[in-house]
Each structure stands twice: as C-alpha cells, then as structure tokens.
2 protein chains.
Amino acid sequence: MRSAVLAATVDVLTEQGLAGTTVGAVARAAGVHETSVYRRWGTRENLILEALTEQLDAAMPVPDTGYVRDDLATYFGALARLLATAQGEALLRLSVERDDTLPDRRLPYWTERLERGAVMVRRGVERGELAPDTDPGLVIEAVSGALFTRALISGAPLDEHLATRLVDLTLTGALPRTPAGP
Amino acid sequence: MRSAVLAATVDVLTEQGLAGTTVGAVARAAGVHETSVYRRWGTRENLILEALTEQLDAAMPVPDTGYVRDDLATYFGALARLLATAQGEALLRLSVERDDTLPDRRLPYWTERLERGAVMVRRGVERGELAPDTDPGLVIEAVSGALFTRALISGAPLDEHLATRLVDLTLTGALPRTPAGP
C-alpha cells in the first residue's frame, strides 16, 4: 500500500498541483481509504513530503566519478532540471509553507539533503582536490541556495549551465592555493 | 500621505505579521481612508512590497570601503541580520507567494536588488582585486541564495559569521590566480 499511495501522490501533484493534492484525491487515485492514509502519514504535508523525497532522491543519485567538479556539476545540473518541474516546484513550495506539522520536519529534511551533497565535497577534500579546511556544507549551500532562490523568489531562469557556473565559482574558491596543499 | 502609509505598513507588519497586514489595518494605523490606499497601490501586495523595499534598501546601504571583501561582508552581514527580523521574513514570504499581481513584480524587484549588490563586485573587478571575467551577479546570487535558503527553507540559523564565510568562499574563487591577471 505504501508505494501505491506515494506513487499516487506524485501523480496527483503532477496533474493537480500542490493545492489540488488533498488526502482525498490521493486516496481515490490509489484506491485506498482516506482514513488509511491519515493513519499512516498523519497529515497531508507529511504524505507529500515523503512522496517527493523518495522521488527526488531517486532522481538525484549522488555521483562518484572521482572528480569533485564533475560530481557537483552532474548533481546540481539534475537539481536545476528538477526545480523546473512541477514536482520540484511543489517540494519547494511545501518547504516554505508553515503550519503546525512542518516546522519539525523542515530542518531535519534539509539537513539530510545537504549532508547527501556534502559527501561529494568531502571526497574531493580526501583526494586532495580541495583545500583541507573546506566546509563541505557551505559549498553545497552556496550552489543550491542560488538555484532554490531562482526557483522560489526571483523567478529567473534555471538551467544546467547556471549550475555548472555556480559550481565553478564556488569550487575555484575551494581549491588549494598551491598544487600540493599541506 | 505616501510616507505615512508606508511607515504604518511597516508598523503593522512588525506587530501583526504578514497575515494581519490588511489594507484596512494599515489605513486605520495611518489615519487615511482604505479607498485612498487602494487607489494608490492597487493591491495589498504592492503596498507591502513598496513599504518593505524602502525600509530594507535604507537599512542596507551599499558600502564602498575600497575593498570588495569588506564591502560584501558588511552588506551581506546586514542582510543576514535583516532576514532574521519580522520585516525581512515578511519580505521573503511575500516574494514567494504567488497571486495575480505578484509575478509581474517579483523578477524586476529582485533583479534590481541583485544589481545593487553587483556594483560592489564590479568595483572589485575594476580595482583588479577580482578576476576580470568574474560574473558579478553570480557572486551575489551564491552568497544571498544561501542566506535566503536558510531563512525560507531549511530554517537553519542565520548570522553575520555565516555571511562572512560565504563571502570568503565565493570570493576566493573569484580572485585572480596570479597576482597580475591578464
């Protein structure tokens, strides 16, 4: 039942948008009782967050090419593409909505996503591609923050080229000054 | 009348939050007729955006110390402080809200704010502090995007130290590789 409901949630979101994604609509699409959905997920927000998280994490595997620049360009290129889709937009909107159920989940949710990305930077530090005092989370925040801001606030266009330029700007700063760092 | 209404808007926002900032509440606080406010600003959103823009631009003068790093650290330190206030929070929330009146104003609004910040980077390029091919807007987006994202999405803490660390990460990337760049 879990995967059927989560898949139905993504379908309804894609077709109806965030406002149309009610527990009732999802239950009908999945062929289950509304009460079963509430019993398992508690709130509409929890349901949507879990459905989108699964989908987006699956669409954004963390690459491991052996080169930090390639890993980050691939990863954030995928993020830029996703943020331009109805699901990406819904995930962002849901993340900025505040209600009684969400404040508890936003920070852990985004901390976990940030940590997924930071693994790529950490590997680059271990390989000596980046300065030893690089803050992995800060690199991820600088690149992803600019992408999120375009999607949510400014409405400026999002594309993979932008992601690559942000990675290059941020990474060049993170590169060791001398070829063989301390 | 204009400045009285804008000042009243900021007062009501600070006391009542975004949801409580209706045209009626602002008109009462300013001692003017509600219809006068609608005649001049058209919508509640336009009124709030104009009031916050004036206040935030006044609170965030663009520094010109002669050093790009100091300019940016001061400017974004002020942004980090502002985003932690009720007005900064309201401006961000209003910027992500979508209704029939806002899409027209969001992009020009944020483009203008971005351009204000880019001036500091451009001066750094002219002084030879930064590489000649530096993209001024991209530097501003990388730093501000991470701050906006903490305020809006992750809920992680915002402070001036974070702003300085982001400036340093991004700038070091923008610095010329050789002391005398091409």
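All values reported here derive from a predicted model rather than from experimental measurement. Proteins get letters first, then strands, A, B, ... in listed order; numbering begins at 1 in each. All heavy atoms count here, side chains included; hydrogens, waters and symmetry mates do not.
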May I ask whether [X] and [Y] are part of the same hydrophobic cluster, defined by side-chain heavy atoms of I, L, V, M, F, W, Y residues being less than 4.5 angstrom apart, directly or through others?
{"X": "B:Val10", "Y": "B:Val12", "result": "no"}
{"X": "A:Leu47", "Y": "A:Met1", "result": "yes"}
{"X": "A:Val119", "Y": "A:Val68", "result": "no"}
{"X": "A:Tyr67", "Y": "A:Leu130", "result": "no"}

CG of B:Leu162 to CG of A:Leu138, rounded to nearest 0.5 Å, is 6.5 Å
Residue from B:Thr149, B:Val143, B:Asp135, B:Leu114 scoring the most non-hydrogen pairs under 4.5 Å with chain A is B:Thr149
Please walk me through it: do A:Thr170 and B:Thr170 pass side chain to side chain contact (heavy atoms under 4.5 Å, CB included)?
CA-CA 5 Å; A:Thr170 314; B:Thr170 313; 5.7 Å; no
